[in-house]
Every structure is written in structure tokens, then in C-alpha cells.
Amino acid sequence: QVQLLEAGGGLVQAGGSLRLSCAASGRTFSTCAMGWFRQAPGKEREFVAAISWNGGISHYEDSVKGRFTISRDNAKNTVYLQMNSLKPEDTAVYYCTVDTRPFPRRSRDDYAYWGQGTQVTVSS
């Protein structure tokens, strides 16, 4: 059974940093792209970042470029999201996800597995 377990969310002041992690179990995802989406109250779940199977290619949503960094450790079956210079508009539940293909994509429909989400709250 595949499980994705996120950690690292919390409450932080604007301008602060958080590092999210997502550990996968049940199978190895070393040949699959992995990503992060987020969902704010009353809004659709949106793409944040994704990374290719070997970490060589990454994509970001425009509003997080230069502030967020996605990375992965295939030996640990884990993906990370380093979030710096956080803003109140980054407040959302952040979801880890795994693609069925090796290269990063931006559509929710491309992703097969999802974590339960971790809350990130940025106060002004």
C-alpha cells in the first residue's frame, strides 16, 4: 500500500521559512516525478512545484519562483520543499504527490498518489 507522509508544516511569521518533507512508503518512486500542490480555503488545489525522477529538472508556479526550492533524496524515497520569504498568501494545506511519469508536470490529473496534507499558516 502506497503512503505519502508529509511533515514540517506549521505557523510562521511573514518573511520566515519552513521546510516540508514527504516520505513515501509502499514502493520506490525513484523513476517518477514528485511534486507539491497547495489548497487555500475556498480555492482550487493548485500546482506549486515538481521535480523530475533524478532531480535534474524542476518547475515552479510563478508566485513561488526564487522563494521555494524542491529537492529529493531517492535513497530515502523523500521529497522536500524549502520555503523561504513566506507571505500570508502562501497559507494553505500543502500536499505531496507522485506522478506516474519521470518528468515534472503541472496538472493535478497527472498525479497518481497524494499525501494527506500539512497545514502552513503565515501570519502578517
Side-chain angles (χ1 to χ4, degrees):
Q1 182 180 357
V2 173
Q3 285 189 317
L4 302 178
L5 185 61
E6 298 106 333
L11 173 64
V12 64
Q13 289 188 331
S17 298
L18 285 173
R19 188 191 193 208
L20 306 183
S21 64
C22 172
S25 62
R27 57 160 284 188
T28 181
F29 292 112
S30 60
T31 60
C32 302
M34 300 183 78
W36 292 91
F37 283 67
R38 67 186 179 187
Q39 188 168 16
K43 294 188 176 181
E44 294 288 319
R45 191 172 300 188
E46 66 174 2
F47 172 79
V48 176
I51 190 167
S52 63
W53 67 279
N54 64 350
I57 300 171
S58 56
H59 293 318
Y60 296 92
E61 193 268 330
D62 285 346
S63 70
V64 308
K65 283 181 181 176
R67 299 188 298 121
F68 291 10
T69 302
I70 189 170
S71 61
R72 65 187 294 164
D73 184 339
N74 285 344
K76 296 181 179 180
N77 227 17
T78 299
V79 64
Y80 304 94
L81 186 67
Q82 177 67 44
M83 305 185 295
N84 298 329
S85 302
L86 282 160
K87 303 175 180 180
E89 51 264 43
D90 294 319
T91 295
V93 177
Y94 284 70
Y95 296 90
C96 167
T97 184
V98 180
D99 200 341
T100 57
R101 308 289 292 273
F103 295 105
R105 298 184 286 182
R106 296 172 178 264
S107 172
R108 287 173 52 184
D109 294 339
D110 295 328
Y111 290 85
Y113 303 102
W114 294 85
Q116 83 289 348
T118 185
Q119 177 70 47
V120 171
T121 303
V122 185
S123 63
S124 58

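- Residues satisfying the side chain to side chain donor-acceptor pair (under 3.5 Å) criterion with Asn77, sequence neighbours excluded, are absent altogether.
- With sequence neighbours left out, Pro88 forms a side chain to side chain contact (heavy atoms under 4.5 Å, CB included) with Ala14, Val122, Ser124.
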Please tabulate, for the side chains in residues 3-10, all donor-acceptor contacts under 3.5 angstrom to protein atoms that are two or more places apart in sequence or on a different chain.
{"residue": "Glu6", "atom": "OE1", "partner": "Gln116", "partner atom": "N", "Å": "3.1"}
{"residue": "Glu6", "atom": "OE1", "partner": "Gln116", "partner atom": "NE2", "Å": "3.3"}
{"residue": "Glu6", "atom": "OE1", "partner": "Gly117", "partner atom": "N", "Å": "2.9"}
{"residue": "Glu6", "atom": "OE2", "partner": "Cys96", "partner atom": "N", "Å": "2.7"}
{"residue": "Glu6", "atom": "OE2", "partner": "Gly117", "partner atom": "N", "Å": "3.3"}

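- A search for side chain to side chain donor-acceptor pair (under 3.5 Å) contacts involving Lys43 returns nothing, not counting sequence neighbours.
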After noting the C-alpha distance and the side-chain angles of Leu18 and Asn84, does the key distance pass the side chain to side chain contact (heavy atoms under 4.5 Å, CB included) rule? CA-CA 7 Å; Leu18 285 173; Asn84 298 329; over 6 Å; no

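- Every residue was checked against the side chain to side chain contact (heavy atoms under 4.5 Å, CB included) condition with Thr31, not counting sequence neighbours, and none meets it.
- Residue pairs that meet the salt bridge (charged side-chain N to carboxylate O under 4.0 Å, His left out) test with at least one member in residues 108-122, sequence neighbours left out, are Glu44-Arg108, Arg105-Asp110.
- In this structure the side chain of Val64 reaches within 4.5 angstrom of the side chain of Arg38, judged on heavy atoms.
- For Glu89, the side chain to side chain contact (heavy atoms under 4.5 Å, CB included) partners are Lys87, not counting sequence neighbours.
- The list of ring pair (Phe, Tyr, Trp, His ring centres under 6.0 Å) pairs with a residue in residues 63-100, not counting sequence neighbours, is empty.
- Each ring pair (Phe, Tyr, Trp, His ring centres under 6.0 Å) pair with one or both residues in residues 8-37, not counting sequence neighbours, appears once here: Phe29-Tyr113, Phe37-Phe47, Phe37-Tyr111, Phe37-Trp114.
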Does Arg19 form a side chain to side chain contact (heavy atoms under 4.5 Å, CB included) with Thr69? I'd like the steps, not just the answer. CA-CA 9 Å; Arg19 188 191 193 208; Thr69 302; over 6 Å; no

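- Residues satisfying the ring pair (Phe, Tyr, Trp, His ring centres under 6.0 Å) test with Tyr60, not counting sequence neighbours, are none.
- Partners of Ile57 according to the side chain to side chain contact (heavy atoms under 4.5 Å, CB included) rule, which considers only residues two or more places apart in sequence or in another chain, are Ser52, His59, Phe103, Pro104.
- Between atom OG of residue Ser17 and atom CD of residue Gln82 there is a gap of 6.0 Å, rounded to the nearest 0.5 Å.
- In this structure, CG in Leu81 is found 11.0 Å from OG1 in Thr118, a value given to the nearest 0.5 Å.
- Leu20 and Leu86 fall within a single hydrophobic cluster, where Ile, Leu, Val, Met, Phe, Trp and Tyr side chains are chained together by heavy-atom contacts under 4.5 Å.
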Start with the C-alpha distance between Val12 and Thr121, add both sets of side-chain angles, then the distance that settles side chain to side chain contact (heavy atoms under 4.5 Å, CB included), and finish with yes or no. CA-CA 6 Å; Val12 64; Thr121 303; over 6 Å; no

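- Applying the salt bridge (charged side-chain N to carboxylate O under 4.0 Å, His left out) definition to pairs two or more places apart or across chains, those involving residues 67-83 are Arg67-Asp90.
- Considering SG of Cys32 and CD1 of Ile51, their distance stands at 13.5 Å, rounded to 0.5 Å.
- Counting heavy-atom neighbours within 6.0 Å of Arg27 CZ, excluding the residue itself, gives a total above 12.
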